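What follows is a short report on a single structure.
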Amino acid sequence: MAKSEFVYVTFIRTTPEKLWRALTKPEFTRQFWHDTTQECDWKPGARWRIVKPDGSTADSGEIVEIDPPKKLVLKWQNQMLPEMTAEGFSLLTYQLEPKGDSVKLTVTHQMDKSDSKLINAVSGGWPMILSSLKSLLETGESIEATRSWPKGM
Amino acid sequence: MGADADKVFKALAAPERRLLLDRLRKDNGQTLGQLCEHLAMTRQAVTKHLKLLEEANLVAAIWRGREKLHYLNPMPIHEISERWICKYERGRVRALAELKAKLEKETDG
């Protein structure tokens, strides 16, 4: 495999506008994305970073494509572990499509490198974060384990 | 999770479909043609199984140009595990699974 790529698809009973807000606004991301926020102007070419609860940067990059509330493409580089930073940029895509009373959310995370350490590392985290996001939007409550930064990270 | 869960368990209840998921786990993002290679199944059978896997959301299909690529979608299986394994048990379940794998390997050797 010349690249590493994972795809996550989940159906969430909400509207594309609400889902877009949940993916980008700090008051939502803190609840399902390990108490992190994102700093960004949300326009093409804007710098983007994930801010940990202690204020340091977990990952950073820039906006490649943005079309609210349908599609967001980001360049994403890990800033926590030197061996992952060395891999350079991965590409993250969110696609939101209305399906009946739900929204189909497709998250694609890829890197042009086989056996990417970053892509493998995040593959353990994405299902947890996305199911917590689904729970937050459908029930008003996220999954407890995703409300704080994981110990030892 | 009712009707969706039924689809997931039905889709998983066939060795051919589990084999397709194993193939995607090993090499994610394959076309129908690639998946058919080295499989003792007709193209029609693979198409039929993939359709059930897609309906259960276990396989996500993404178009890249004119190619339809198939990816293993871990979300439904994650939700099943969330439902019956609480986060405090997760570490112990994993430790036991690792112990089983290790002991069985020793016995085989």
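Within every chain, numbering begins at 1; the chains are lettered A, B, ... in the order of the sequence lines, protein sequences first and strands thereafter. None of these values were measured; they are calculated from a predicted model.
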>> Which residues in residues 44-71 of chain B have any heavy atom closer than 4.5 Å to a heavy atom of chain A?
In response: B:Asn57, B:Ala60, B:Ile62, B:Arg64, B:Tyr71
> A:Trp126 vs A:His109 aromatic rings, parallel, tilted or perpendicular, using cut-offs 30° and 60°?
Replying inline: perpendicular
Does any non-hydrogen side-chain atom of [Y] lie less than 4.5 Å from one of [X]?
| X | Y | result |
| --- | --- | --- |
| B:Met41 | B:Cys36 | no |
| A:Ser56 | A:Lys52 | yes |
| A:Met111 | A:Glu87 | yes |

> Can you say whether A:Ser123 sits under 4.5 Å from chain B via the side chain, the backbone, both, or neither, judging by heavy atoms?
Replying inline: neither
> Is it the backbone or the side chain of A:Glu138 that comes under 4.5 Å from a heavy atom of chain B, or both, or neither?
Replying inline: neither
>> By the definition side-chain hydrogen bond (donor to acceptor under 3.5 Å, both in side chains), identify the one residue from A:Thr37, A:Asp59, A:Thr57 that meets it with A:Arg49.
In response: A:Thr57
>> Could you go through B:Glu79 and A:Ser131, starting from their C-alpha distance and side-chain angles, then the distance that decides it, and tell me whether this counts as side-chain hydrogen bond (donor to acceptor under 3.5 Å, both in side chains)?
In response: CA-CA 7 Å; B:Glu79 278 158 24; A:Ser131 60; 5.5 Å; no
> Of A:Thr93, A:Leu91, A:Leu92, which is the lone residue that meets side chain to side chain contact (heavy atoms under 4.5 Å, CB included) with A:Leu74?
Replying inline: A:Leu92
